There are 2 protein chains.
Amino acid sequence: MGRPVGAASSAALPRSLRSRLLEGLTPSEIEAVLAVARRQRISPNEVLQHEGDTASHLSLVVTGRAAFYKTTTDGRKLFLRWIAPGDAFGLGALLQIQQPYFMTIHAKREGCLFVWDRVSAQALASQIPQLRKNAYTIASDYVASLADALAARASQSAQQRIARVLVESARHTGRARSKGIEFALTNEELAQMADVNLFTVSRQLSEWQSQGILTKSRGKILLRAAKRLSSQY
Amino acid sequence: MGRPVGAASSAALPRSLRSRLLEGLTPSEIEAVLAVARRQRISPNEVLQHEGDTASHLSLVVTGRAAFYKTTTDGRKLFLRWIAPGDAFGLGALLQIQQPYFMTIHAKREGCLFVWDRVSAQALASQIPQLRKNAYTIASDYVASLADALAARASQSAQQRIARVLVESARHTGRARSKGIEFALTNEELAQMADVNLFTVSRQLSEWQSQGILTKSRGKILLRAAKRLSSQY
DNA sequence: CGACTGATTGACTGCCCTCAAATAGGGTGG
DNA sequence: CCACCCTATTTGAGGGCAGTCAATCAGTCG
């Protein structure tokens with residue numbers, strides 16, 4: 001479950017990690033913040049925070065990848081957005097009045113986190129006002145991206161939503177190949193992310209494949225003409 | 001367009017107004033905050049803030065009623081939520097880096113606001129940390145309600161969404177009558193709020209009317225059996 | 001070589017949107 | 001009081017997008 005790390009080991013913050021949560025903090029402030037964090041390893045499919053549980057921890061992704069989900073009343077999992085290195089979650093732990101998490105977070109790849117318990121996080125936020133400013137910025141970013149998702153869900157066709165997911169996935173998790181951009185994604189994941197039926201995804205991908213826009217194999221997609229997709233929405 | 005008000009007139013804050021924005025502030029802090037606000041009257045259908053414009057003002061609703069909308073890519077207006085007395089909007093003005101508003105706000109009834117420009121609002125937030133804490137609470141509330149709206153849109157039928165809008169409207173804007181709860185709402189408004197077609201609303205209401213759940217007249221609805229509706233979702 | 005998971009394809013269904021046309025309420029001016 | 005207009009609402013017919021279900025095929029791993 002992780003262990004406390006002393007200030008000495010706080011050099012463990014990768015130089016390459018830019019986090020909006022720690023943006024604008026002085027080196028000594030960052031050191032102080034990391035000194036009270038514990039590290040936690042994460043592995044695929046692990047649930048990092050569960051919707052409805054009390055918001056007890058604030059986390060920062062150092063490496064790996066995770067995703068926000070919201071559980072609908074009929075029990076389906078609704079994909080909301082990715083969480084990449086540098087992103088924070090569990091921001092509800094910074095609220096003055098303790099509340100439940102409103103989303104579920106699933107780890108998708110091996111990686112590690114910094115985790116603060118609520119009390120420490122609140123103490124830090126009081127000492128370092130910039131920290132709360134940053135949390136506010138991140139929260140407002142969530143508002144924007146949720147509003148976008150809502151607009152997309154309300155006004156776009158299944159085809160458009162799938163196209164969008166493909167293009168964004170290519171940007172976020174894709175690797176350049178000679179023939180295009182390749183990324184790992186099963187039809188089922190795609191269906192969750194675009195919020196459409198599994199079969200609809202399959203049919204749509206088949207069509208695009210026959211048009212030469214992409215090539216698919218089991219669990220992988222090679223996007224050959226991203227522009228022809230992004231022009232669809 | 002409003003005018004600056006001195007500290008002396010800050011007694012104008014209605015005693016009955018409880019605002020999450022000002023929660024936990026001392027009386028003298030509240031006085032200081034209101035001293036730099038200007039008052040603004042609002043009238044129905046006035047656009048109070050426009051999606052995409054630079055977030056330049058923070059506002060607090062004193063009286064009246066307004067609504068958040070998001071404009072979809074195909075030009076429709078997507079209802080997001082009500083704003084009632086005590087609610088704040090334009091929270092983007094408190095962000096460190098200036099950004100555009102991500103939503104449009106329409107006034108729906110006569111009323112008035114307190115408005116702060118970005119510079120004053122930021123200055124106040126720095127002087128009074130509680131203010132930023134409160135803004136953070138409100139922002140997180142927006143996240144929660146948007147996530148709920150998304151889940152509702154994704155998993156509920158048109159009928160369920162209409163039922164939900166009716167019940168919530170009854171709670172928020174309804175007046176008790178001998179035969180039930182009455183509130184003003186046209187089919188078109190209802191359609192926007194539930195994000196369904198105008199005709200679907202009409203048909204559904206007709207059905208419920210024939211079941212005795214409600215009575216409708218032009219622009220008004222009398223909800224007779226709210227429980228039978230809320231049990232539908 | 002099974003066993004299992006992922007993907008495909010077709011047939012069918014149904015919810016809800018679109019469009020057209022008619023009806024009704026409510027206010028205004030003569 | 002009535003004629004008129006504008007807007008809100010109704011009702012029906014038709015269609016399409018995408019979901020459901022069933023059966024089959026394909027890739028991967030032990």
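For clarity, every value in this text was computed on a predicted model and none was experimentally measured. A, B, ... follow the sequence lines: proteins, then strands. Residue 1 opens every chain.
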Engineer: What is the separation between atom CD on E188(A) and atom C1' on dG19(D), rounded to the nearest whole Å?
Structural biologist: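 Distance, rounded to whole Å: 15 Å.
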Engineer: So what does V201(A) touch, heavy atoms closer than 4.0 Å: a base, only the sugar-phosphate, or nothing?
Structural biologist: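 V201(A): no heavy atom of the nucleic acid under 4.0 Å.
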Engineer: Is the phosphate of dT8(C), meaning OP1 or OP2, less than 4.0 Å from a side-chain N or O of S202(A)?
Structural biologist: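 For S202(A), the contact criterion (side-chain N or O under 4.0 Å from OP1 or OP2 of dT8(C)) is met.
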Engineer: Can you tell me the distance, in whole Å, between the CG atom of D195(B) and the C1' atom of dC16(C)?
Structural biologist: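 About 12 Å, once rounded to whole Å.
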Engineer: Restricting to pairs with a member in residues 47-75 of chain A, which pass ring-ring contact (aromatic ring centres under 6.0 Å, His included), not counting sequence neighbours?
Structural biologist: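 Listed once each, the pairs are F68(A)-Y142(A), Y69(A)-F79(A), Y69(A)-H106(A).
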Engineer: Can you find a side chain N or O atom of T200(B) that sits less than 4.0 Å from OP1 or OP2 on dC17(C)?
Structural biologist: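 It does, given that an N or O in the side chain of T200(B) lies less than 4.0 Å from OP1 or OP2 of dC17(C).
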Engineer: Can you tell whether the side chains of R81(B) and D141(B) come within less than 4.0 Å, N to carboxylate O?
Structural biologist: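 Looking at R81(B) and D141(B), the cut-off is met.
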Engineer: How many Å lie between CD1 on I221(B) and P on dT9(D), as a whole number?
Structural biologist: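 Between P of dT9(D) and CD1 of I221(B): 8 Å.
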Engineer: Assess whether a salt bridge exists between D148(B) and K70(A), defined as any Lys/Arg side-chain N lying under 4.0 Å from an Asp/Glu carboxylate O.
Structural biologist: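 A salt bridge is present here (some side-chain N lies under 4.0 Å from a carboxylate O).
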Engineer: Look at all strands and tell whether N187(B) reaches a base, only sugar-phosphate, or nothing, counting heavy atoms closer than 4.0 Å.
Structural biologist: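 Sugar-phosphate, no base atom in range.
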Engineer: Between Q156(A) (CD) and dC17(D) (C1'), how many Å, whole number?
Structural biologist: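 Those two atoms, CD and C1', are 15 Å apart.
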Engineer: Taking only heavy atoms on the protein side, list every residue of residues 205-215 of chain B lying under 4.0 Å from any atom of DNA chain D, sorted numerically.
Structural biologist: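 Of all residues in residues 205-215 of chain B, the ones placing a heavy atom under 4.0 Å from DNA chain D are S206(B).
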Engineer: Can you tell me how far P of dA7(C) sits from NZ of K216(A), to the nearest Å?
Structural biologist: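 To the nearest whole Å, that distance equals 8 Å.
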Engineer: Would you kindly give the CD-to-P distance between Q204(A) and dG10(C), to the nearest whole Å?
Structural biologist: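 Value for this atom pair: 15 Å.
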Engineer: Evaluate whether atom CG of N45(A) has more than 12 neighbouring non-hydrogen atoms of other residues, nucleotides or ligands under 6.0 angstrom away.
Structural biologist: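 For N45(A), atom CG is not crowded (no more than 12 foreign heavy atoms under 6.0 Å).
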Engineer: Evaluate the side-chain proximity of S59(A) to Q40(A): yes if any heavy-atom separation is below 4.5 Å, no if none is.
Structural biologist: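 Q40(A) does not reach S59(A) side chain to side chain.
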Engineer: For R153(A) and dG19(D), give me the distance from atom CZ to atom C1', rounded to whole Å.
Structural biologist: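 It works out to 11 Å between those atoms.
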Engineer: Output every pair passing ring-ring contact (aromatic ring centres under 6.0 Å, His included) with a member in residues 152-179 of chain B, not counting sequence neighbours, ordered by first then second residue.
Structural biologist: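 Counting only pairs at least two positions apart or across chains, no ring-ring contact (aromatic ring centres under 6.0 Å, His included) contact touches residues 152-179 of chain B.
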Engineer: Return the set of residues passing salt bridge (charged side-chain N to carboxylate O under 4.0 Å, His left out) with R228(A) (not counting sequence neighbours), or none when no residue passes.
Structural biologist: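 Checked R228(A) against salt bridge (charged side-chain N to carboxylate O under 4.0 Å, His left out); zero matches.
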Engineer: Using a 4.0 Å heavy-atom cut-off, write out nucleotides 21-30 of chain D from 5' to 3' as B (base contacted by protein), S (sugar-phosphate only) or - (no contact).
Structural biologist: BB---BBS--
Engineer: Take N197(B) and S217(B), find for each the nucleotide of DNA chain C with the closest heavy atom, and name the residue whose nucleotide sits nearer the 5' end.
Structural biologist: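 Counting from the 5' end, the first nearest nucleotide belongs to N197(B).
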Engineer: Mind checking what makes side-chain contact (heavy atoms from CB on, under 4.5 Å) contact with A184(B), not counting sequence neighbours?
Structural biologist: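 Counting only residues at least two positions away or on another chain, A184(B) forms no side-chain contact (heavy atoms from CB on, under 4.5 Å).
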Engineer: Please determine if E23(B) and R20(B) form a salt bridge, counting it only when a charged side-chain N lies under 4.0 Å from a carboxylate O.
Structural biologist: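 Looking at E23(B) and R20(B), the cut-off is not met.
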Engineer: Report the residue (L198(A) or L185(B)) whose heavy-atom-nearest nucleotide on DNA chain D is the more 5′ of the two.
Structural biologist: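 The 5'-side residue here is L185(B).
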Engineer: Please give, in whole Å, the distance from dT7(D) C1' to N45(B) CG?
Structural biologist: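 Rounding to the nearest Å, CG of N45(B) and C1' of dT7(D) are 15 Å apart.
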